[in-house]
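Computed from a predicted model, the values in this text were never measured in an experiment. Every chain is numbered from 1, with letters handed out A, B, ... down the list of sequences.
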Amino acid sequence: MVGAGIIRAVENAIEPFDTSQLARIVSRAGGAYAIKFVKSRWAESYLTPSQLKISDTPALTWGTATYVTPLIFPLSSALYGRIGLVTDFDAAGWRVFDATVPSARTAYIRWAQAQPIFSDLVLTVHSTQTNHFLRNKFREDFNIDCVLFSPDQEADLHTDRATHIWMAVTDWRTPGKIDANMSNRLGRARFTVLLDEEFVIEENGLPIRLAERQIEKATERIMMRSCLQITAARTDPALPGRVIQHYLAGGYLHLFIEP
Amino acid sequence: MSDLLSLARDFLERMANPVYGFADNQEYSLRFAQLLLREGFEGSLRREIETVSDKEALTSNGWLWIMRWATSRKIEIPEDILVALFEEWSSVAGRCAIVQHATDLATIRPTRELPRLEEFPNRFLARIMKSVTETDREDVMDERRSVERPARSAESLLVVFLQVGTPVTLAAASALLRHQWRGHDALFEYLRALASTLDSETRSVWSDRLRVDLPRE
């Protein structure tokens, strides 16, 4: 229900994978791999290759999709968990909408403004649901397999909004209908990265723009540091003494899981 | 209220309500996906959805999620529940989700003459159109109110039909616009106002699809 000019503008912003920025990123990374950080409790579920869950909650940047980071930016989305799930993917034939380009964002806004629901978006309290609806409809109407976008949130020292690019990948349940279950396109995800850091990503339910490092910001200020493998530490009768020693010296002891 | 849905009510709310934040929504969503993989769970959920009779069984966010999930699984939510939710919700996006679910498999035969509201071939769409255009429940003593209130409800319904934008909902939009009732003129005026915010090419598309005259420039 939009005019030809708007359709042309959007189509101009959609590229086949081969000529898209995604292809260049994949080439620089040495292959089509993506990473998603999740909470530690999911580590065991991904000991063997498994499908990533498609995110379908309303407050997402580009609607119902699987949100991942190309592996060229391996720690960019570390703020979402300590466990990095890595999967390969096959992007051949994908239609890629590159929202990191200003003209593409403008095309989306023109399209959104021409939607009958647009006044609901700007004049009512229902904007979260309305945005979610519009983003899904946009990707369905134009058969967009992947949206590239700049991160909305940064993890201190891990994410660079100016240069990093994230992906929202669409799985189709039928042509033109977005799936919301488990991703087939990102379907061989395995627990591959363990990160010693935590970030607080929300404050009273609102996303934080720059999430501070919770652990390293403290440890880097402590002079006396040492580490001990956790399996040895558990049975080490000298462990209490070592902890006391670090306490008295103002240091810290890092108990780590040996790779 | 059904047992499984009443147990799932709070869980679905945590999963689908953005008030709980992205991290909470994601966590519950992953846990629910695991539940769905358990033998028998999906079948039980399907049976409960197909026979649910109380719209209070879930919160509005829970219903929105279930609606999308049920559509993807070709599970039909009872029509009375859909009508009750449609009449209750004010969010156009939420109402669009209801219409999308209710008309997911609906088709309409292309004809020279568009169907009229009284004989509209899709029962759900006919019900919600009649519900809006029937004025007998209005306060007939207050002439202005008796026109404005149903016209406003019809405006919202028109936007839903246009936004879903499938052949069957556009036929419904056209039927609603042509239906002779006390809110007819006000509804047309609203459509013209809405169309005036559009670029001329998009306005032309609306004119053609709805088979109504809208100013081209």
Side-chain angles (χ1 to χ4, degrees), chain A residues 1-8 38-39 41-42 45 51-60 64 67 79-81 110-111 113-121 124-134 136-137 141 153 173-174 177-182 200-207, chain B residues 15-34 36-37 60-61 64-65 68-69 71-73 89-97 100 104 156 158-165 170 173 191 193-195 197-206 208-210:
Chain A
M1 286 280 279
V2 294
I6 293 174
I7 292 172
R8 264 196 313 276
V38 296
K39 289 188 174 176
R41 73 184 303 257
W42 299 105
S45 305
Q51 294 167 297
L52 289 178
K53 173 75 183 77
I54 299 166
S55 300
D56 61 347
T57 58
L60 293 165
T64 301
Y67 287 78
L79 72 169
Y80 297 115
R110 280 181 67 193
W111 176 87
Q113 285 172 337
Q115 297 304 305
I117 205 172
F118 183 72
S119 63
D120 210 55
L121 179 67
T124 73
V125 296
H126 307 299
S127 57
T128 302
Q129 293 288 359
T130 308
N131 265 320
H132 189 64
F133 177 88
L134 282 176
N136 283 347
K137 181 167 176 56
D141 283 2
Q153 290 185 283
R173 76 178 149 84
T174 54
K177 300 281 184 193
I178 293 172
D179 194 7
N181 297 302
M182 303 301 286
V200 176
I201 60 171
E202 287 168 346
E203 179 73 32
N204 296 324
L206 289 176
Chain B
M15 188 169 102
N17 189 342
V19 163
Y20 291 105
F22 170 75
D24 233 33
N25 291 161
Q26 281 286 97
E27 179 68 12
Y28 277 82
S29 179
L30 266 163
R31 286 165 62 183
F32 199 76
Q34 286 208 325
L36 283 171
L37 293 175
S60 54
N61 283 293
L64 268 174
W65 189 90
R68 287 193 289 265
W69 182 77
T71 306
S72 76
R73 292 288 196 276
W89 290 357
S90 66
S91 157
V92 173
R95 299 177 108 203
C96 286
Q100 280 176 328
D104 186 45
S156 171
L158 178 65
V159 169
V160 169
F161 288 163
L162 295 175
Q163 186 59 61
V164 174
L170 291 178
L191 177 68
L194 194 62
T197 65
L198 303 170
D199 62 284
S200 60
E201 284 182 330
T202 300
R203 208 158 47 233
S204 259
V205 173
W206 284 33
D208 295 343
R209 298 270 174 90
L210 296 172

**OP:** Report yes or no: does Thr64(A) contribute a side-chain atom to a donor-acceptor pair with the main-chain N or O of Asp56(A) at less than 3.5 Å?
**Re:** no
Subject >> Atom group of Leu121(A) that falls short of 4.5 Å from chain B, counting heavy atoms >> reply: neither
Original post:
When only pairs under 4.5 Å are counted, which of Arg173(A), Gln129(A), Arg110(A) shares the most heavy-atom pairs with chain B?
Top reply: Arg173(A)
Original post:
Of all of Thr71(B), Leu194(B), Leu158(B), Thr197(B), which one pairs up most often with chain A through heavy atoms under 4.5 Å apart?
Top reply: Thr71(B)
Original post:
What part of Ile201(A) gets closer than 4.5 Å to chain B, counting heavy atoms only: side chain, backbone, both or neither?
Top reply: side chain
**OP:** Go through the atoms of Ala23(B) and report whether side chain, backbone, both or neither lie under 4.5 Å from a heavy atom of chain A.
**Re:** both
Original post:
Given a strict heavy-atom distance threshold of 4.5 Å, which part of Asp24(B) is in contact with chain A: side chain, backbone, both, or neither?
Top reply: neither
Subject >> Check: Trp111(A) main-chain N/O paired with Gln115(A) side-chain donor or acceptor under 3.5 Å >> reply: yes
Original post:
In Å and rounded to the nearest 0.5 Å, what is the NE2 to OG1 distance from His132(A) to Thr128(A)?
Top reply: 10.5 Å
**OP:** Could you tell me which portion of Arg41(A) (side chain, backbone, both or neither) has an atom closer than 4.5 angstrom to a non-hydrogen atom of chain B?
**Re:** side chain
**OP:** Among the options Gln163(B), Met15(B), Glu201(B), pick out the one with the most heavy-atom pairs lying under 4.5 Å from chain A.
**Re:** Gln163(B)
Subject >> Any donor-acceptor pair under 3.5 Å from Asn25(B) side chain to Asn17(B) backbone >> reply: yes
Subject >> Option in Thr57(A), Ile54(A), Thr124(A), Leu134(A) with maximal non-hydrogen atom pairs under 4.5 Å from chain B >> reply: Thr57(A)
Original post:
Taking atom CG of Leu210(B) and atom CZ of Phe161(B), what is their separation to the nearest 0.5 Å?
Top reply: 12.0 Å
Original post:
Can you say whether Leu170(B) sits under 4.5 Å from chain A via the side chain, the backbone, both, or neither, judging by heavy atoms?
Top reply: side chain
Original post:
chain B heavy atoms under 4.5 Å from Asn181(A): which part of the residue, side chain, backbone, both or neither?
Top reply: side chain
**OP:** Check whether Arg31(B) gets within reach of chain A through its side chain, its backbone, both or neither, counting any heavy atom under 4.5 Å.
**Re:** both
Original post:
Checking heavy atoms, do the side chain of Leu198(B), its backbone, both or neither come under 4.5 Å from chain A?
Top reply: side chain
Original post:
At what distance, to the nearest 0.5 angstrom, does OG of Ser91(B) lie from CZ of Phe133(A)?
Top reply: 9.5 Å
Original post:
Hey, which of Val2(A), Val38(A), Thr130(A) has the most heavy atom pairs under 4.5 Å with chain B?
Top reply: Val2(A)
**OP:** Tell me, with the steps shown, if Phe22(B) and Tyr80(A) meet ring-ring contact (aromatic ring centres under 6.0 Å, His included).
**Re:** CA-CA 10 Å; Phe22(B) 170 75; Tyr80(A) 297 115; 5.5 Å; yes
Original post:
Does the side chain to side chain donor-acceptor pair (under 3.5 Å) test come out yes or no for Glu27(B) and Trp42(A), once each step is laid out?
Top reply: CA-CA 10 Å; Glu27(B) 179 68 12; Trp42(A) 299 105; 3.3 Å; yes
Original post:
Checking Ser204(B) against chain A: side chain, backbone, both or neither under 4.5 Å from a heavy atom?
Top reply: neither
Original post:
For the residue pair Thr202(B) and Gly3(A), what are the closest heavy atoms and their distance?
Top reply: OG1-N, 2.8 Å
**OP:** Over all heavy atoms of both residues, which pair between Ser55(A) and Gln26(B) is shortest? Give the atoms and the distance, please.
**Re:** OG-OE1, 2.9 Å
**OP:** Counting only heavy atoms closer than 4.5 Å, note whether Thr174(A) contacts chain B via side chain, backbone, both or neither.
**Re:** neither
Original post:
In terms of heavy-atom pairs under 4.5 Å with chain A, which of Ser90(B), Gly94(B), Gly165(B) leads?
Top reply: Ser90(B)
Original post:
Just by distance, do the side chain of Lys53(A) and the backbone of Ala180(A) share a donor-acceptor pair under 3.5 Å?
Top reply: yes
